[in-house]
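Just so it is clear, the model here is predicted, and its values are computed rather than measured.
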Amino acid sequence: MTSSAMLPDPNSSRVVLVGVSDYEHLEPLPAVADSLVDLTETLRSPRLWGVPENHSVMLHNPAAADVVLDAVREAAAAARDTLLLYYAGHGLPDPFSGELDLTLPGSIRDKQETLLAYEWIRRPMLASRARRRIVILDSCYSGRILPRTMSAPSLADKAGIEGVFLMAASAPNSEALSPPGARHTAFSGELLRILHEGIPEAGPALDLRTIFAELDRALTRNSLPRPQSSNRNTAGSLGLVWNSHRFPAPPATAPVPTAGATDADGLLIDGYELGERLGGGADTSTWLARGRRALLPVAVTVLRDDRVGDPAAYARFHAWRNSLPSGAPHPSIARVYADGEARHWKGARPYVVLEYLPGTLQDRLASDGPLPLAEAVAVVRVVLEGLRHAQAADQDDGRAALTPDTLRTGPRGDVRIVRFHRPQHSQDPDRVGLAWPTTTVPLHQLSPEQAMGGPGDARSDVYAVGCLFFELLSGSTPFESEHAVTLAHRHMTEPAPRLSALRGQVVPLPRWEKVLARALMKDPGLRYRDAEDMLAALTACEQAPFTLAEAIVEAFREEELTIDVSVVNGHWLQRALHDAAAEVTSGAPAPRTLRLRLLLPAYDTPALLPSQRESLRAANEAAAGKVRAEVHALSAARHIASARVEVRRAPTVSTLFVLGARIALEAITESRPLRRRDAREGAVEASVVAEYRSRFDKAWDAAGPCA
């Protein structure tokens, strides 16, 4: 199947559409009313996006700014996938700031209090936790929302994880157009046409960048005002609606056929309309199709017409059909909607209707490389939830196929288990006399017990999940070989490599290494019992607070490392460094040179008795000595080429950590989770890291030597 842009999840998305057509003091815009209503219906249509009615708010001629702002705030708080705002009406440039003001029915051009400043809308959009935010403005001067024209940081400048897409009907100093007598405004009319007619050369889903490019061409061709856009990160490549050109609506007057739809290949399948051919294999062809009732895209795989009458081809097709999911549906497992015999003039041909899943995890790895830890964990969680469902339903007649090239992704990027490796049956119950070939577990995920000929169980699935997790983080499988026997032998005998030993890769924290190590144990009895057990471990890792030892292990990836630490309790640092040293000894990376500056309290406060001062000072001195010993041991073992530990005392010391060039941590007590600042995360964090380093340098310079 071909890849496609990801579509937003309508159930996790929110839409606010605002249109002002009637004004008390400004020129009316009658075309705005129909533009607003028609776009609302378009986005709600299941043929295009299907956002639920209770997730889309349409405000026609809102009486006051609070009405609009309340709707935007509520939608921004609820949206998790996509937040879309559309406004159509007059736009006015602010005479003081130059930014854009939107208008309401009672707006007066020279009275700021009657206008709706775009900045007021921008703020709740910016605060939303939605993965992407889309702003579409059909107004004069709407180009002023774009980053290059705004003096203050724009919404796009502070884009979220999936980015922001801004689309404006006009340039910063230009007016939009509402042709007299037209049903729609010029901009919204072309947008609606594109959404309803689709784009012939585009894929099954229309992404925002493709929609805007077609909109720009159409408006320019008709000598209408050119639209403007801006997008950050991956926002422009993410889908918005299905491409109607690929899924044309049947004529309203045409009767619904009862025999099934036909396409150029002459296939007739009850209840489905076949569209473009997506591809196929040696025995099959796969077509993009749509169910007449649900109007949702599906993939129909059919035995090729030149294989009709070939018993071996039928056997291979039914073996593949037997490997597909069965039983109760689950969000992590692909849906099989129907199967049967398709009618064709050359003879009946078996078919399967499967959930439309255009991509694979392998596509993602090939295009983007290893996944960030958070995304890899999210994928593994989805897979484990699917396995838990299958294991709880006692579907234990086969193991799931969990390789990146068999795990498919939906239009919104969600992962699905598609294949199971089930034991061989003596024959196809529907085709007597045809033996089914055995489907084998992928060798790169073959558990040791399966490599020795055993059938495997839920713990074998855990091993496969461990192999998948390793590949998602590193881009390669734990064991490699061109020869099947050698590969199986490595699964049986060789310990899995540590991700932390792979320089240049996404190296997880020690807690994740432990999860991987247990999942990849040779002895099934030492692994997680099943998907439920591993899922619990995954959750515990996600919820565990960040520790000082993990921070040191992460900082150790720098070639030249300076660690500045001021602690009231030196034993805390000593224990953390001991754990970090153990990770280095077992394969985690270490710096080439290390300088550790340790600032300890002088304990000279009058509130303490002399005996207490000496006791606390001695305890910290002992801890500092153990810190020195840990560092020198790493140097002696040649894990670190050059190491130096310096210790000073300060009159007062607050807990403070600066690890290398980019990480700063703070915590008041040993039991309190660390608060982390990472200079990679942005300007605010970078300034905090610099501030902590400056504070430490001042305290270090003012401190005295340690006796």
Side-chain angles (χ1 to χ4, degrees), residues 545-577 580 591-608 612-632 640 642-707:
F546 189 66
T547 68
L548 180 57
E550 290 174 331
I552 294 174
V553 169
E554 186 171 358
F556 267 25
R557 296 167 197 166
E558 296 185 16
E559 287 291 327
E560 310 285 338
L561 179 63
T562 296
I563 298 180
D564 296 332
V565 184
S566 60
V567 290
V568 175
N569 181 354
H571 288 285
W572 182 12
L573 174 63
Q574 180 266 320
R575 286 192 296 269
L577 191 60
R592 188 169 58 86
T593 63
L594 172 64
R595 181 190 183 195
L596 173 61
R597 298 196 297 176
L598 177 57
L599 197 60
L600 297 176
Y603 292 117
D604 55 359
T605 173
L608 295 175
Q612 292 175 319
R613 295 176 198 168
E614 290 305 318
S615 174
L616 292 171
R617 185 179 291 114
N620 264 336
E621 285 293 340
K626 292 180 180 179
V627 166
R628 277 197 177 93
E630 294 287 355
V631 173
H632 291 157
I640 298 176
S642 173
R644 181 171 50 162
V645 179
E646 304 170 31
V647 183
R648 291 188 181 182
R649 277 214 184 93
T652 58
V653 177
S654 59
T655 303
L656 183 67
F657 306 97
V658 184
L659 309 181
R662 59 178 179 81
I663 300 176
L665 308 159
E666 66 174 334
I668 296 175
T669 65
E670 182 176 353
S671 60
R672 178 173 175 173
L674 292 170
R675 184 175 183 181
R676 169 175 168 158
R677 304 286 187 178
D678 194 325
R680 294 177 304 182
E681 301 298 326
V684 174
E685 287 77 8
S687 65
V688 173
V689 173
E691 176 196 346
Y692 282 21
R693 184 176 295 109
S694 175
R695 285 168 50 190
F696 183 89
D697 286 340
K698 290 179 180 178
W700 181 264
D701 293 339
C706 186

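Phe657 places none of its side-chain heavy atoms less than 4.5 Å from the side chain of Ile563. Arg649 has its side chain out of reach of Asn620: every pair of non-hydrogen atoms, C-beta onward, lies at least 4.5 Å apart. For the pair Ser566 and Arg695, the minimum side-chain heavy-atom distance is 4.5 Å or more. Annotation: side chain of Leu548 is in contact with side chain of Trp572 (closest heavy-atom distance under 4.5 Å).
For His632 (side chain) and Val645 (main-chain N/O), no donor-acceptor pair under 3.5 Å exists by modelled atom type.
Checked against side chain to side chain donor-acceptor pair (under 3.5 Å), Glu614 has the following partners two or more places apart in sequence or in another chain: Arg617. Checked against side chain to side chain contact (heavy atoms under 4.5 Å, CB included), Arg693 has the following partners two or more places apart in sequence or in another chain: Val658, Val689, Asp697. The salt bridge (Lys or Arg N to Asp or Glu O under 4.0 Å) test applied to Glu630 returns no partner, not counting sequence neighbours. When the salt bridge (Lys or Arg N to Asp or Glu O under 4.0 Å) test is applied to Glu685, no partner is found at least two apart in sequence or on another chain. The salt bridge (Lys or Arg N to Asp or Glu O under 4.0 Å) search around Arg575 returns Glu670, not counting sequence neighbours. Qualifying side chain to side chain donor-acceptor pair (under 3.5 Å) partners for Arg592, counting only residues two or more places apart in sequence or in other chains: Glu560. Residues satisfying the side chain to side chain donor-acceptor pair (under 3.5 Å) test with Arg677, not counting sequence neighbours, are none. Every residue two or more places apart in sequence or in another chain was checked for a ring-ring contact (aromatic ring centres under 6.0 Å, His included) with Tyr692, and none qualifies. For Leu616, the side chain to side chain contact (heavy atoms under 4.5 Å, CB included) partners at least two apart in sequence or on another chain are Tyr603, Leu608. When the side chain to side chain donor-acceptor pair (under 3.5 Å) test is applied to Glu691, no partner is found at least two apart in sequence or on another chain. Considering only residues two or more places apart in sequence or on other chains, Ala650 meets the side chain to side chain contact (heavy atoms under 4.5 Å, CB included) condition with Leu599, Val653, Ala703.
Smallest separation of non-hydrogen atoms from Val567 and Pro601: O-CD, 3.2 Å. Annotation for Pro651 and Ala602: closest pair CA-CB, 4.2 Å, computed over non-hydrogen atoms. Heavy atoms only, all atoms of each residue included: Ile552 and Ala580 are closest at CG2-CB, 3.6 Å. Here the closest non-hydrogen pair linking Leu594 and Pro591 is CB-CG, 4.2 Å.
Ion pairing between a basic and an acidic side chain is recognised when a charged N comes within 4.0 Å of a carboxylate O; Glu646 and Arg644 show such pairing.
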(request) Start with the C-alpha gap between Arg676 and Glu554, add the side-chain angles, then the distance that decides, and say whether side chain to side chain contact (heavy atoms under 4.5 Å, CB included) holds. (result) CA-CA 12 Å; Arg676 169 175 168 158; Glu554 186 171 358; 2.8 Å; yes
(request) Starting from the C-alpha separation in whole Å, work towards a yes-or-no answer on side chain to side chain contact (heavy atoms under 4.5 Å, CB included) for Leu656 and Asp564. (result) CA-CA 8 Å; Leu656 183 67; Asp564 296 332; over 6 Å; no
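To the nearest 0.5 Å, atom CG of residue Leu596 and atom CG of residue Leu577 are 7.0 Å apart.
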